[in-house]
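Input: a single structure, listed below in structure tokens.
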Amino acid sequence: MDIEEKISKDFVRQIIEADTAAGKNDGRVQTRFPPEPNGYLHIGHAKAICLDFEIANEFAGQCYLRFDDTNPEKEDIEYVEAIKEDLRWLGYSWDGRLSYASDYFSKLYDLAIHLIREGKAYVDSLSSEEIRLLRGTLKDPGKNSPYRDRSTEENLALFAEMASGVFEEGEHVLRAKIDMTSPNINLRDPTLYRIRKVSHQRTGDKWCIYPMYDFAHTLSDALEGTTHSLCTLEFEDHRPLYEWFLENLPVANKPRQIEFSRLNLMFTVMSKRKLSQLVDEGYVEGWNDPRMPTLSGIRRRGYTAASIKDFIGRVGVTKKDNTIELGSLENCLREELNEIAPRRFAVLRPLKVIIENYPEDKEEWLDASNHPNRPELGTRQIPFCKELYIESDDFREDPPRKFRRLSPGVEVRLRYGYIIKCESVIKDKSGKVVQLHCTYDSATQSGTEQGQRKVKGTIHWVSARHAICRDLHLYDRLFVAPNPDKGDGDFKQYINPDSLEILKNSMLEPSLENAKPDERFQFERQGYFMIDSEASEQTVFNRTVTLRDSWAKIERQAITQSTKKS
Ligand code: ATP
Ligand code: MG
């Protein structure tokens, strides 16, 4: 099933379908993805992106990429470029449909003047603290500012002076004149403009007043021709203000705001503010650290764009708040990688094996299949010789019952190779096993007719003489608590101290020497891996995901506990 089919019946699409059927906007559909360029995009954003861009496609409409850049202090061109790159990676384009709220600053200024002329906006000279005190609470209505009834002329003059830099920050703001007693706090004379004497990444020093988000966002939508303004639920209470702007300003196009629930994931945090704390305080390497839930992070880790879209499709679009198990995202990825990733051998924690009865200078190249159920992916050859590496934990000197791997006197099959038997164990001074001496049965080569003798276990291996040594980075959840946002106190106390394990001496089969940066592999029994794009000389592989979900049980328990509580 493709993403379109899976989510074709969600409520947002139903509304849009009804609107177009009723001939609204002459049947035209236009959406936009409107990030604030104040951080990198995360998986939550992918939900909004897929929704906005896919809907535009389905209704033969258009989707804009619009940067809502009204907050010059926090914004940066670095974020703009990173956001574009993430969108391209997801496979969306915005040819000719790239815009910035700052493109509309002059028009917004004129619209603010329009409101003043209509007696629907005024310059307030209270301090922000005083404004806050008069705003009231959810229970108590607010009170009018003493400046609320300034004359139009005075308001126009003051607003012009605000714009020309006469005043200092905080001396005045422009507010809409709506209703200080409204049960909806957003309608209690919201601020439209504030003075900020900072340069803007796009408009430089042209402005020293900047529009507030709600005003700029609504009117950018309207001016740009948006028909359906899709946003997350926290904007539901802002919708009356959104509509107030549309009713009270001379804009021909009146977009419809529709809210849907945010995507949240367990064992992670998803607000840009929190993610930027992790970056700034050095908990992670950067925004694209492979443990981060950012699109650049998971891309570097090896996630595919297709698996993200598949996941977003499965999550669907509703108004219900929910937190999805990280495991279900990983399963989408596993399903895809299982299909596409060629198999390889890599020994993560090597233990040397000497095959005593194998000739010193002999080597054989054995056929190994690249994929168990896709013969079209062919085979490769892997070298076999007297010295091999196997996984340390595939050997136990005192094996527990049912241990199906190697131990003294026991046989295992080397996958695609021979059956070997452990004859003796070499230890260092501390008693640690450092080498095994084995014998092989030359009549048991896999794939040959006489090689079919059965033994209990099969393990992977590499030739010690041919293997290449690489660093492997193994990742775990970045947080140990299922909902780090919702615990007591600082979310950073729940950071998993073991979220990154670096293996320095892993041994890989020699064909991996030629691995390309964007190639994904299954290292048999160990997970899916891809070269770390940030590593020099391509000597580091990131484990994208393990083969099985070792957290599933823990997540289930966490869910059961939290449903019991509520
Ligand atoms: P954050 O709170 O993570 O900083 P934001 O909402 O401030 O996110 P914006 O840059 O304003 O980030 O978001 C751009 C768009 O992405 C908005 O339409 C917003 O509703 C949507 N969005 C952000 N987070 C999520 C999420 N977790 N799930 C779905 N949509 C989201
Ligand atoms: Mg925001």
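Just so it is clear, the model here is predicted, and its values are computed rather than measured. For ligands, and for the atoms within them, numbers begin at 1 and follow the listed sequence.
Geometrically, ligand 1 and S261 share no nitrogen or oxygen pair separated by less than 3.5 Å. Considering backbone and side-chain atoms alike, K272 places an N or O below 3.5 Å from some N or O of ligand 1. Among the atoms of L263, some N or O lies under 3.5 angstrom from an N or O of ligand 1. Residue-to-ligand polar distances keep P35 apart from ligand 1: every N/O pair is separated by 3.5 Å or more. In terms of polar-atom proximity, defined here as any N/O pair under 3.5 Å, P34 makes no such contact with ligand 1. Between H42 and ligand 1, a contact under 3.5 Å exists for at least one N or O pair. For ligand 1, none of its N or O atoms has an N or O atom of R273 under 3.5 Å away.
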Salt bridge (charged side-chain N to carboxylate O under 4.0 Å, His left out) evaluation trace for R477 with E330: CA-CA 12 Å; R477 306 276 193 264; E330 291 177 346; 3.0 Å; yes
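For the pair R196 and Y210, the cation does not sit on the ring face, since its NZ or CZ is not both under 6.0 Å from the ring centre and inside 45° of the axis. For K274 and Y283, the positive end is not near the middle of the six-membered ring at less than 6.0 Å and at most 45° from its axis.
Checking K274, E36, R262 against atom 8 (O) of ligand 1, the nearest heavy atom belongs to R262. Here atom 13 (O) of ligand 1 lies nearest to H45 when heavy atoms of H45, R32, H217 are compared.
Heavy-atom proximity to M270, at under 4.0 Å, picks out these atoms of ligand 1: 3 (O). Listed by number with element, the atoms of ligand 1 under 4.0 angstrom from any heavy atom of T232 are 19 (C), 20 (O), 29 (C), 30 (N), 31 (C). Residue A48 has at least one heavy-atom neighbour below 4.0 Å for each of these atoms of ligand 1: 16 (O), 21 (C), 30 (N). Those atoms of ligand 1 with a heavy atom of F33 less than 4.0 angstrom away are 14 (C), 15 (C), 16 (O).
Under the 30°/60° scheme for interplanar angles, the aromatic rings of F167 and H172 are found to stand perpendicular. Using the six-membered ring where Trp is involved, Y109 and W207 have ring planes that are tilted, between 30° and 60° apart.
Looking only at atom types and distance, the side chain of Y242 has no donor-acceptor partner in the side chain of H238 under 3.5 Å away.
Distance check: L241 CG to M212 CE gives 11.0 Å after rounding to the nearest 0.5 Å.
Remark: side-chain polar atoms of R97 are paired, donor with acceptor, to backbone N or O of C63 under 3.5 angstrom.
Looking at E73, E171, E169, E168 one by one, the single match for salt bridge (Lys or Arg N to Asp or Glu O under 4.0 Å) with K197 turns out to be E168.
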